[in-house]
Amino acid sequence: MLIRFNVTNFLSFKDETEFNILAGSPRSKKEHIYHQKRGDFVRAAALYGANGAGKSNLVKALAFFEGLSFGERIYTAQ
């Protein structure tokens with residue numbers, strides 16, 4: 001389970017940006033919280049925002065990380 005993902009200096013992300021599924025203090029819908037020994041997490045998460053806000057670039061960063069995790073070759077410009 002991916003709980004927290006930080007990205008820096010990737011496509012449109014110059015500064016550090018974090019996407020996480022950590023639960024805050026719920027006022028309603030407490031049944032949407034997943035309780036585990038490591039902490040409380042939300043059962044589902046969504047990306048939303050204005051056009052050009054970086055939603056697609058976050059997905060590309062996740063795909064890049066997945067490639068690194070499974071040993072794909074990374075080619076860099078020379």
Taking K55 for the side chain and A50 for the main chain, is one N or O donor matched with an acceptor at less than 3.5 Å?
yes
Tightest non-hydrogen contact, residues I33 and H35, listed as CG2-CE1, 3.6 Å
Could you tell me which non-hydrogen atom of L58 sits nearest to which non-hydrogen atom of F13, and how far apart they are?
N-CE1, 3.6 Å
Salt bridge (charged side-chain N to carboxylate O under 4.0 Å, His left out) filter on E16, not counting sequence neighbours, yields none
Can N9 and K14 be said to form a side-chain contact (heavy atoms from CB on, under 4.5 Å), step by step?
CA-CA 4 Å; N9 197 24; K14 177 183 173 189; 5.8 Å; no
Could you work out, with side chain to side chain donor-acceptor pair (under 3.5 Å) as the rule, every residue matching S12, not counting sequence neighbours?
N57
Check: residues 17-24 side-chain donor-acceptor pairs under 3.5 Å, at least two apart:
residue: T17; atom: OG1; partner: D15; partner atom: O; Å: 3.4
residue: E18; atom: OE1; partner: N20; partner atom: ND2; Å: 3.3
residue: E18; atom: OE2; partner: R4; partner atom: NE; Å: 2.6
residue: N20; atom: OD1; partner: L22; partner atom: N; Å: 3.1

By ring-ring contact (aromatic ring centres under 6.0 Å, His included), F5 pairs with (sequence neighbours left out) F65
